[in-house]
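Data first, discussion second: the structure below is written as structure tokens.
Everything numeric in this text was worked out from a predicted model, so none of it was measured.
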Amino acid sequence: MENLIVQKYGGTSVANAERIMHVAKTVSDTYKKGKRVVVVVSAQGHTTDRLVEKARGISSDSNRRELDMLLVTGEQQSAALMAMALQSLGHDAVSLNAAQVGIEATSVHGNAQIKRIRTARLTEELEKGRIVVVAGFQGINRFGDMTTLGRGASDTTAVALAAVLEAELCEIYTDVDGIYTVDPRIVPTAKKLDVISYDDMLELASSGAGVLHNRAVEMAKRYRVNLVLRSSMSEIPGTLIKEATEVERLAVSGIAIDRNVARISVTGLEDKPGVAYSIFDPLAKGKLNVDVILLSVGEGEKRDYCFTVHKQEMGLACEILEQNKEKIGYDTLITDENLAKLTIVGAGMANNAGVASTMFEALYECGVNIETICTSEIKITVLIDQRHITKAAKAVHDKFEPMFSKDYTQTEDA
Ligand code: ADP
Ligand code: ASP
Ligand code: MG
């Protein structure tokens with residue numbers, strides 16, 4: 001649709017009445033410039049966390065359907081409040097939830113994926129000249145039930161809407177003024193990036209940089225959505241996320257920190273074909289995402305497998321493995337929740353020998369022990385003691401500081 005902009009506002013940006021009014025003015029300014037606007041909102045402040053806590057107050061293992069019924073209310077509150085704020089500024093605005101829009105998603109409660117978005121209602125409202133406010137983070141499954149799309153997934157709602165409506169731009173407004181080389185709240189010397197490729201951003205997001213939801217980046221890449229991340233509190237231009245060919249290649253584009261990891265070690269396995277399959281197949285069927293996998297020599301002829309999962313999914317992963325204990329044939333399950341993951345990302349890394357050793361040197365110099373290493377062409381991940389993550393992130397960032405500049409890439413290429 002011509003002249004359409006999708007703007008998404010995160011929890012901090014809509015945390016209270018004052019912030020909502022501030023956002024409404026930004027939306028209003030965009031509309032007055034002759035744009036059609038779809039606004040996607042997250043739940044206010046820490047509402048989603050509070051709702052999760054409320055559910056835990058009732059039961060430690062809430063039914064996932066009911067948990068989703070509860071969580072979606074956060075975004076719906078924000079959407080209604082935002083529509084009211086826009087109306088108070090004299091605009092014709094309407095709020096819609098996922099059922100009203102027709103955001104169809106898979107059935108996995110808590111981590112559903114968008115399958116299809118119906119556009120009829122949206123275009124109808126937009127053609128009436130209305131500003132449409134959509135509740136982020138939610139979908140409806142084939143049973144007509146509400147599902148949620150994973151923590152932080154309002155970004156994905158916004159990008160998906162921008163894709164189906166063929167918006168000219170999708171702006172993600174948040175509480176930082178762009179994407180930095182590392183989380184600026186943890187490493188204050190982080191550098192803001194003017195532009196980053198979809199691929200590098202996807203690796204950062206998938207490695208734990210919470211600034212953008214990974215599926216939002218994936219979708220933006222697939223549908224070539226013009227994506228910008230910027231601050232809702234200032235006018236400063238943000239960071240553009242683009243196709244790699246249009247972005248100057250840096251050896252290292254960023255560092256991601258993930259504290260939400262848990263490691264599971266499956267010990268005493270036989271050394272024969274099919275063992276890995278017997279472990280990971282039931283986990284995959286349980287829709288569990290498994291990360292860093294390590295196979296090591298255990299005692300005698302035995303093998304140990306270690307892998308990481310999201311902390312919230314550790315219980316479920318252990319449950320699945322215990323149910324399949326006989327088939328897999330392991331001795332023990334050992335879990336560790338005191339780890340954190342530090343990842344350096346950069347498409348230019350493949351041609352830069354020494355990136356890994358530079359990272360290890362930085363960790364050595366600040367006395368941080370590496371528990372596990374995992375590398376690919378575009379990233380290097382280490383697992384370390386969670387208590388040292390800030391120190392380690394600072395040290396690694398300092399070490400790579402020169403590589404974060406364009407000048408470095410140019411001299412290297414010359
Ligand atoms: P929102 O509620 O608007 O979706 P989030 O909390 O999800 O906001 O994301 C913004 C936060 O992401 C920032 O406050 C920052 O602490 C964190 N962050 C992590 N990695 C980065 C990074 N590389 N660049 C900028 N912010 C980052
Ligand atoms: N409110 C949801 C969350 O806290 C979704 C989002 O903010 O994007 O995860
Ligand atoms: Mg977010």
Side-chain angles (χ1 to χ4, degrees), residues 8 10-11 40-79 97-99 101-117 134-160 205-210 212-219 258-262 264 280 282-291 307-323 335 337:
K8 179 258 171 178
V40 175
V41 283
S42 288
Q44 291 184 280
H46 296 287
T47 302
T48 310
D49 291 331
R50 303 240 162 79
L51 292 172
V52 170
E53 274 163 33
K54 269 193 184 183
R56 290 219 177 101
I58 302 284
S59 152
S60 61
D61 184 25
S62 311
N63 175 286
R64 289 192 168 204
R65 178 192 181 276
E66 300 311 329
L67 186 60
D68 275 355
M69 279 297 280
L70 182 68
L71 296 189
V72 295
T73 62
E75 268 67 18
Q76 286 172 199
Q77 288 181 24
S78 297
N97 67 14
V101 173
I103 302 180
E104 297 172 8
T106 56
S107 302
V108 192
H109 285 291
N111 200 20
Q113 304 216 6
I114 297 176
K115 290 197 299 194
R116 188 159 79 126
I117 299 182
V134 178
F137 177 56
Q138 50 181 258
I140 43 162
N141 66 17
R142 64 197 163 99
F143 308 109
D145 284 338
M146 288 292 206
T147 55
T148 59
L149 309 173
R151 296 303 304 267
S154 293
D155 297 339
T156 302
T157 306
V159 173
S206 307
S207 304
L212 265 178
H213 193 240
N214 59 351
R215 287 215 305 279
V217 186
E218 205 172 54
M219 206 174 285
D258 188 357
R259 290 192 172 89
N260 289 312
V261 288
I264 301 178
F280 298 110
L283 293 173
K285 288 198 172 117
K287 301 269 184 263
L288 274 167
N289 287 323
V290 172
D291 202 14
F307 58 90
T308 58
V309 290
H310 192 284
K311 242 183 207 163
Q312 276 171 9
E313 299 194 319
M314 191 184 80
L316 182 59
C318 290
E319 215 176 279
I320 293 175
L321 292 172
E322 274 155 20
Q323 280 162 7
T335 58
E337 286 186 273

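Between T73 atom OG1 and Q138 atom CD the span is 9.5 Å, to the nearest 0.5 Å. Note that the CD atom of E218 and the CG atom of L212 stand 12.5 Å from one another [nearest 0.5 Å]. A distance of 8.5 Å separates OG of S107 from CG of D145, quoted to the nearest 0.5 Å. Of the inter-residue distances, the one linking K287 atom NZ with H109 atom NE2 reads 13.5 Å to the nearest 0.5 angstrom. Between S154 atom OG and H213 atom NE2 the span is 9.0 Å, to the nearest 0.5 Å. Going from atom CZ of F143 over to atom CZ of R65 covers 10.5 Å, rounded to the nearest 0.5 Å.
In terms of heavy-atom proximity, T48 sits nearest to A43 at OG1-CB, 3.6 Å. Nearest heavy-atom pair across S42 and K8 is OG-CE, 3.6 Å. For the residue pair D258 and N260, the shortest heavy atom distance occurs at OD1-N, 2.8 Å. Across all non-hydrogen atoms, the minimal contact from N214 to S206 is CB-OG, 3.6 Å. Residues A158 and V40 come closest through the heavy atom pair CA-CG2, 3.8 Å.
Under a 3.5 Å cut-off, the side chain of T106 and the backbone N or O of A112 do not form any donor-acceptor pair. The closest donor-acceptor contact from the side chain of T156 to the backbone of A216 lies under 3.5 Å. With hydrogens and angles disregarded, a donor-acceptor distance shorter than 3.5 Å links the side chain of T157 to the backbone of F137.
Salt bridge annotation for R56-D61: absent, with no cationic side-chain nitrogen under 4.0 angstrom from a carboxylate oxygen.
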As a quick check of understanding, evaluate side chain to side chain contact (heavy atoms under 4.5 Å, CB included) for L67 and N63, giving each step before the final call. CA-CA 6 Å; L67 186 60; N63 175 286; over 6 Å; no
Walk me through it: do D49 and R151 pass the test side chain to side chain contact (heavy atoms under 4.5 Å, CB included)? CA-CA 10 Å; D49 291 331; R151 296 303 304 267; 3.0 Å; yes
Give the intermediate values and the outcome of side chain to side chain contact (heavy atoms under 4.5 Å, CB included) for residues L149 and Q113. CA-CA 6 Å; L149 309 173; Q113 304 216 6; over 6 Å; no
Chi angles and distances behind the side chain to side chain contact (heavy atoms under 4.5 Å, CB included) call for N97, M146: CA-CA 10 Å; N97 67 14; M146 288 292 206; 3.8 Å; yes
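Here the side chains of R50 and Q44 are not in contact, with every heavy-atom distance at 4.5 Å or above. Between T147 and I140, the closest side-chain pair of non-hydrogen atoms is not below 4.5 Å. Between V309 and N289 there is no side-chain heavy-atom pair separated by less than 4.5 Å.
With sequence neighbours left out, D291 forms a salt bridge (charged side-chain N to carboxylate O under 4.0 Å, His left out) with K341. A search for salt bridge (charged side-chain N to carboxylate O under 4.0 Å, His left out) contacts involving R116 returns E104, not counting sequence neighbours.
Residues T148 and D68 bring a donor and an acceptor atom of their side chains to less than 3.5 Å of each other.
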Could you go through residues 311-318 and list every donor-acceptor pair under 3.5 Å that involves a side-chain atom there, pairing it with any protein atom two or more places apart or in another chain?
{"unit_1": "K311", "atom_1": "NZ", "unit_2": "R259", "atom_2": "O", "d": "3.2"}
{"unit_1": "K311", "atom_1": "NZ", "unit_2": "E337", "atom_2": "O", "d": "3.4"}

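Atom NZ of K115 has more than 12 neighbouring heavy atoms from other residues, nucleotides or ligands inside a 6.0 Å radius.
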